[in-house]
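Order of the sequence lines sets the chain letters (A, B, ...), proteins ahead of strands, with each chain counted from 1.
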Amino acid sequence: MAFRNRADPEQEDRVQRYDPEKVETRWQAYWEERGLFRTDADPGRRKFYCLEMFPYPSGRIHMGHVRNYAIGDVIARYKRMKGFNVLHPMGWDAFGLPAENAAIEHGVHPARWTEDNIGYMRGQLKRMGFSYDWTREVATCEPRYYRWNQWFFLKMYERGLAYRKDSLVNWCPSCATVLANEQVIEGRCWRCDSPVTRKELKQWFLKITDYAEELLRGCDELSEGWPEHVIAMQRNWIGRSEGVEMDFPVADGDERITIFTTRPDTLWGATFLCLAPMHPLADSLTGDREGLEFLKSRYGVMEEKHGLFTGRYAVNPVNGERIPIYIANFVLMEYGTGAIMSVPAHDQRDFEFAQKYGLPVRVVIVPGEGGGEGPLQRAYEDEGVLVSSGRFSGMRSREAIEEIGRYLEEEGLGRRVVNYRLRDWGISRQRYWGTPIPIIYCERCGVVPVPEEDLPVLLPEDVSLEGKGSSPLLASRSFVETRCPECGGGARRETDTMDTFVDSSWYFLAYCFRGDIEIGSAVRNPASELRHWMPVDQYIGGVEHAVLHLLYSRFFTRVLRDIGLVETSEPFRNLLTQGMVCKETLRCPEHGWLFPDEAVDGRCSRCGKEVESGRVEKMSKSKKNIVDPEFLIRKYGADTSRLFTLFAAPPEKDLEWSEQGIEGAHRFLNRLWTVVTRDAGMLRSVEAEKGLPEGGKGMRLFRKTHQTVKKVTTDIERRFQFNTAIASMMELFNEISAFDPGEAPAVYKFSLRNLLLMLSPFSPHIAEELWETMGERPSVLEHPWPEWDEEAAREDEVELVIQVNGKVRAKTTVPAGLDDREIEEIALREPKVTGFISGGEVRKVIVVKGRLVNIVLG
RNA sequence: GCCGGAGUGGCGGAAUUGGCAGACGCAAGGGACUUAAAAUCCCUCGGGGCUCGUCUCCGUGCCGGUUCGAGUCCGGCCUCCGGCACCA
């Protein structure tokens, strides 16, 4: 016990208490002064682009951010120690509605509000000690950023990928604004909860559907680096389906109605046609204006199907049958051709419609052998055998779909086509705080794009925001009134702004530049930094963006590839989707949801009523089940907060917040602190062990250290299992703290040294501090990641498990590396085993090297 | 309805791609130190049984199968979570 004496009060005094605040701010200043996280392209080293989804500057960071960025920081720091040249940037998704709401509610200008929030949150992120290259920071609301939104828009316009059309949009009557699809939650506005209606508006669209097939095929390429479920969601969203399009002539007229179906095998069962209310022929086929208006108002309303008989008939081209034409609210204009053939016997929706309007149901598919007698209770939608279908009767559905498709093409009645669920991306927003769409409307010249050299079209600052709803830019005369770039005459600017998803579809490119974002000069420029850094090697963010943001970014990257900006088609080679941060909800019968500190000993702090604890749910302000990261930093420090969020669950799973859990993480760092500072003098005076020690306890600790390096490294490398990596570091530390340093000081130092190196990506500040305390030269994170020696990690004795008929009957320690026969002999001689064997005959012995023997009796 | 994912102690979670189920942490219980508390340290900790052991039986949502051996593979259910959903 040469170096430790817990009871010695003098020594206690000399050991400084662990003060996270002091340690952390000290090292943050150190890193910043030295610009340690500043990265430049270096052709001599392998690059690694590590990116986390940038935050919306809502005011302060929340636990979701902490988790996301803690994961990213471990990866960035780890890769750096592994010798990669790591690009690890951060920025702000700074346009968006909350800024505008703040302006309406508190009279602060969105720019000011956003700027203040960014300032505050940047401070918070710095306080967490994340290793960002802040010199590459971008905010999407800066003109130097959004000018490229406009530039991309113009490039797409040139290529016919940006176009304007009338469309039905989601409209919130209470907020008097358009809502994006993702802002409609179960038919209601996400902000004010009022029912969303539809409204026809002229809007700008980006033609993502041109890339539907490519985006779908690209999914195969991603299967190595992306979570399976995210790829599934992307495929699902694109929703490819094969079918046929065919024309039904209108009886007593010249019109033809083109329908789309995936089930041509049911063609003989079509008993009526249905058009979407907005179908171009709907107007002319019915005289009932009122009825049509009613259907339009019910469009997209799921509760009930409504229809209107036009009084006209269509002719089924395969059998010449006259069938009635209906207009129906459930037929979508956006999918297929906006018209369907209705086969009530084999489609549940058509079945319900037919029941309501007394339309005939004709069975043309029967399941397998016979059966299917009597009136249907519901549609039979499965495949089967065709009946009453002319020369195709008796064929199986699968085959008939092929055959009929071919037949229709031969006869010129239809054609096989592929349809996608994916729609073009409507990007117009009737809002202020976004990128102005660079388009000018001239009475003489029509739609005129703003010339490239006039970019950016600046967002005017002098706009009054009163929440009226109509595009606020309309009210800015200086903005709206302009000159036509072509004829010089008076013209008006487009007053809608872009969806903020446009901003986030390419921000990862902006980080590739320091200072000016030089997108323009990067076109067809092989020396561009864009090409050096792209694609992102590791992307980390929440699953909530599994479709929209990720799909839009994949689309953008392909367009930019076609423009000659980047070579890659996929922006994100590897994707890690972290789980949500959850916490149990608390509710007072009188005061509703409670913040964690409003419940004292299970009672409401205001009324003393017993608190009901509800389900564990995602942390959210509305449920008040939140923990403020700033509070954690103050109480435990950034290192503990980071360590716990990484330890409590594997990254992709949901994390349940636990107050005691974080105490545990803090205890671990505290213990480590105490041990290193206590033994500092000794640690400074010895050299770390290099070779394999002779034997005894020193050798065991040395071996354990190598095993831990191996375990931690492989846990990080294969699927980022930080929780088990931390667990094994704790295990190592448990052995270190049980070890008497006097036995083998060099080994002791070796172990602590490696432990600090491995801990540094997780809890970097304390690692730096103790590294220095130990007499090592800072900075710890500029040291290479430790290597393990397979030889040193190998055990020379292993525990052999002996089973009889698959049940564990004995355990014994044997030297490592025995061959099968030797192991078998030891097992059969084992006294505890012989009793079990004596009853029967040994039929077979199975040996699993270095682990287990199973003796099978006959 | 369709597509994904998950069910393991009181809890969060571990288990070389078939080989000792429960690592690590939390909570709980017991003890040491202390005038006391906090902190710290040590021990116990899936369940049952008994002759309390170097004992024994059961145990990874449920039922069956493959195998010398299944938390892990196969078939069939149940439950929960997420996404999409009148997409023809």
Query raised in the report: Heavy atoms under 4.0 Å, any strand shown: does A:G664 hit a base, just sugar-phosphate, or nothing?
Result: sugar-phosphate
Query - Side chain A:R851 and base B:rU16 donor-acceptor under 3.5 Å - result: yes
Query raised in the report: Of the candidate nucleotides B:rG19, B:rC26, B:rG13, which contains the atom at the shortest distance from the side chain of A:V848?
Result: B:rG19
Report task. Assess A:R362 against A:W268: is NZ or CZ under 6.0 Å from the centre of the six-membered ring, and within 45 degrees of the ring's axis? Result -> no
Query raised in the report: If you look at every heavy atom in A:A339 and A:I257, which pair is closest and at what distance?
Result: CB-CG2, 3.7 Å
Requested in this report: Select base, sugar-phosphate, or nothing to describe what A:N854 touches, counting heavy atoms under 4.0 Å on all strands.
Outcome: base
**Report entry** For B:rG9, glycosidic torsion class - syn if within 90° of 0, otherwise anti
**Finding:** syn
Query raised in the report: For A:F722 and B:rA23, what is the distance between atoms CZ and C1' respectively, to the nearest whole Å?
Result: 19 Å
Query raised in the report: Whole-Å distance between B:rG7 P and A:E656 CD?
Result: 16 Å
Report summary line: From CD1 of A:I846 across to P of B:rG19 the rounded distance in Å is 14 Å
Query raised in the report: Expressed in angstrom and rounded to an integer, what is the separation of A:L852 atom CG from B:rU16 atom P?
Result: 15 Å
Requested in this report: Considering only atom C1', compute the distance from B:rG18 to B:rU67 and round it to an integer number of Å.
Outcome: 9 Å
Query raised in the report: Which nucleotide in the set B:rG13, B:rC68, B:rA27 lies at the smallest distance from any side-chain heavy atom of A:R667?
Result: B:rA27
Requested in this report: Could you work out the separation of B:rG71 and B:rU16 based on their C1' atoms and round it to a whole Å?
Outcome: 15 Å
Report summary line: Here the distance between atom C1' of B:rC24 and atom NE2 of A:H666, to the nearest Å, is 19 Å
Requested in this report: Side chain of A:R718 only, please: which of B:rA23, B:rA15, B:rG25 is the nearest?
Outcome: B:rA15
Query raised in the report: C1' atom, B:rC26 versus B:rG75: distance in rounded Å?
Result: 39 Å
Query raised in the report: Ignoring hydrogens and angles, are the base of B:rC20 and the side chain of A:K811 linked by a donor-acceptor pair under 3.5 Å?
Result: yes
Query raised in the report: Considering only B:rG25, B:rG83, B:rA88, which nucleotide approaches the side chain of A:N734 most closely?
Result: B:rG25
Query raised in the report: A:T261 side chain: which of B:rG13, B:rC20, B:rA88 is closest?
Result: B:rA88
Query raised in the report: Within the structure shown, what part of the strands sits under 4.0 Å from A:S342 by heavy-atom distance: base, sugar-phosphate, or nothing?
Result: nothing
Query - Whichever of A:I726 and A:V331 has its nearest RNA chain B nucleotide further upstream toward 5' - result: A:I726
**Report entry** Partner of A:H346 by side chain to side chain contact (heavy atoms under 4.5 Å, CB included), out of A:D265, A:V364, A:V361, A:D382
**Finding:** A:V364
Query - C1' atoms of B:rA70 and B:rG65, separation to the nearest Å - result: 11 Å
**Report entry** Distance flag, aromatic centroids of A:H549 and A:F501, threshold under 6.0 Å
**Finding:** no
Query raised in the report: Mind checking the P distance from B:rU40 to B:rG25? Whole angstroms is fine.
Result: 13 Å
Query raised in the report: If you pin A:A232 and A:R671 to their nearest nucleotides in RNA chain B, which one's is more 5'?
Result: A:A232
Requested in this report: Choose from B:rG19, B:rC84, B:rA88 the nucleotide whose nearest atom is closest to any side-chain atom of A:W237.
Outcome: B:rC84
Query raised in the report: When you measure from the side chain of A:E731, which nucleotide among B:rC24, B:rA21, B:rC84 comes out closest?
Result: B:rC24
Requested in this report: Would you confirm whether the ring centroid of A:Y335 sits within less than 6.0 angstrom of the ring centroid of A:Y420?
Outcome: no
Query raised in the report: Rounded to the nearest Å, what distance is computed from the CG atom of residue A:N236 to the P atom of nucleotide B:rG83?
Result: 13 Å
Query raised in the report: Using atom C1' of each nucleotide, how far apart are B:rU8 and B:rG30 to the nearest Å?
Result: 28 Å
Requested in this report: Pick base, sugar-phosphate or nothing for A:M233, based on heavy-atom distances below 4.0 Å to the nucleic acid.
Outcome: sugar-phosphate
Requested in this report: Please state whether the rings of A:W425 and A:Y552 are parallel, tilted or perpendicular, taking 30° and 60° as the class boundaries.
Outcome: parallel
Query raised in the report: Just to confirm, is there a sub-4.0 Å distance from OP1 or OP2 of B:rC58 to any side-chain nitrogen or oxygen of A:K807?
Result: yes
**Report entry** Base paired to B:rC62 (Watson-Crick or G-U; both N/O distances under 3.5 angstrom)
**Finding:** B:rG76
Query raised in the report: Considering only the C1' atoms, how many Å lie between B:rC78 and B:rA88, rounded to the nearest integer?
Result: 33 Å
Query - Between B:rU54 (P) and A:E799 (CD): distance, integer Å - result: 15 Å
Report summary line: To the nearest angstrom, the CD-P distance between A:Q234 and B:rC84 comes to 13 Å
Requested in this report: For the side chain of A:A727, starting at C-beta, report the closest nucleotide among B:rA14, B:rA23, B:rA85.
Outcome: B:rA23
Query - C1' gap between B:rG12 and B:rC63, integer Å - result: 30 Å
**Report entry** Ring center gap for A:F733 and A:F668 short of 6.0 angstrom
**Finding:** yes
